[in-house]
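A short write-up of the structure that comes next.
Only a predicted model underlies this, so the values are computations on that prediction, with no experimental measurement involved.
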Amino acid sequence: MTTVRTPADWPVTEEEARAVQDALRARVVLDEPGPPPGTGHVTGVDVAYDDERDVVAAAAVVLDAASLDVVAEATAVGRISFPYVPGLLAFREIPTVLAALAALPCEPGLVVCDGYGLAHPRRFGLASHLGVLTGLPTIGVAKNPFTFTHDEPDTPRGSTAPLLAGREEVGRALRTRDGVKPVFVSVGHRVSLDNACAHTLALAPAYRLPETTRRADALCRRALGEVS
DNA sequence: GCGACAG
DNA sequence: ATCTTGTCGC
């Protein structure tokens, strides 16, 4: 497991962080379909915190997209680099996530984030931010609709409903299990929304959440427990 | 101005 | 995110 330090130029105030988002947003690529589902590698990233001890642990878990078998894992720990502020989640998670990704022995392929990409107050959530910094194709799969609205998708697995910011579709509510609360998918970088939903469905054959996030969640919790 | 709000 | 046991159901 690698240890990271918060970058010296990391934003300190909310105003600075929002300025970074406004500056980087233009670098998001939205006109690529992204890798086809079921091929190559798919990597889940997630982060766990111990605010008391000021520790954050990140995990990156690479799966074979066809079999969903684990191909590789890496973890990183560091100090909490930003407080939790809705809309600024990326500044809390990214330094440690980047370190975990860098520690992988193989290519990550598509990266699945726990949170949002385009579905964000300034259209630049965690998944978009991570995509721009790494150049990798990324998507966001969140457990809650944040501030956005949506109609209820139909009952069967695979049903979707637009996730709306006013009249703009910023993502999709996607049901991954019959009759169970949907997950909220949005584009990060270099992946289309249709493809992001197809990947999410392929990664969630048995549980509500994609295997990528389930594996990454379990690993970062374990890593946090080993240090604090 | 107040509350809500990914993790 | 995190604090937290048992419990209902397939």
One character per nucleotide, please: for nucleotides 1-7 of chain B, 5' to 3', B when the base has a protein heavy atom closer than 4.0 Å, S when only the sugar-phosphate does, - otherwise. ----BBB
When Watson-Crick pairs (N1 to N3 and N6-O4 or O6-N4) and G-U wobble pairs (N1-O2 and O6-N3) count only below 3.5 Å on both distances, what is the dot-bracket string of DNA chain C, with | for other-strand pairs? ..........
Any chance you could pull the hydrophobic cluster mates of A:Leu224, using side-chain heavy atoms under 4.5 angstrom and chaining through other members? A:Met1, A:Val55, A:Val77, A:Val227
Report the residues that fulfil ring-ring contact (aromatic ring centres under 6.0 Å, His included) with A:His120, sequence neighbours left out, ordered by chain and then residue number. none
With sequence neighbours left out, what residues match A:Arg214 under side chain to side chain donor-acceptor pair (under 3.5 Å)? A:Glu211
So, for A:Thr43 and A:Pro108, which heavy atoms are closest and what is the spacing to 0.1 Å? OG1-O, 2.8 Å
When you look at CZ of A:Arg190, are more than 12 heavy atoms from neighbouring residues, nucleotides or ligands closer to it than 6.0 Å? yes
State whether the number of non-hydrogen atoms from other residues, nucleotides or ligands found under 6.0 Å of A:Glu152 atom CD is greater than 12. yes
Presence of salt bridge, A:Arg221 and A:Asp46, under 4.0 angstrom: no
So if I take residues 194-226 of chain A and measure heavy-atom distances to DNA chain B, which residues fall below 4.0 Å? none
Can you list the steps and then say if A:Arg175 with A:Asp178 is a salt bridge (Lys or Arg N to Asp or Glu O under 4.0 Å)? CA-CA 7 Å; A:Arg175 218 183 282 285; A:Asp178 293 355; over 6 Å; no
Checking A:Phe124 against A:Val132 for the side-chain contact (heavy atoms from CB on, under 4.5 Å) test, could you report, in this order, the C-alpha distance in whole Å, the side-chain angles of both residues, the deciding distance, and whether it holds? CA-CA 10 Å; A:Phe124 194 73; A:Val132 164; 3.9 Å; yes
Does any pair with a residue in residues 67-108 of chain A pass ring-ring contact (aromatic ring centres under 6.0 Å, His included), and if so which ones, sequence neighbours excluded? A:Trp10-A:Phe91, A:Phe82-A:Phe91, A:Phe91-A:His129
Among the clusters formed by ILVMFWY side chains lying less than 4.5 Å apart, do A:Leu219 and A:Leu63 turn up in the same one? yes
Whether over 12 other heavy atoms sit under 6.0 Å from A:Arg122 CZ: yes
Can you list the residues that meet the salt bridge (Lys or Arg N to Asp or Glu O under 4.0 Å) rule with A:Asp151, with sequence neighbours excluded? none
Residues which pass ring-ring contact (aromatic ring centres under 6.0 Å, His included) with A:His41, listed by chain and number, not counting sequence neighbours: none
Pairing residues for A:Arg222 by the side chain to side chain donor-acceptor pair (under 3.5 Å) criterion, not counting sequence neighbours: none
Per-residue pairing states of DNA chain B in dot-bracket (Watson-Crick or G-U under 3.5 Å; . unpaired, | other strand) read .......
Atom pairs, protein N/O to nucleotides 7-10 of chain C N/O, distance under 3.5 Å:
none

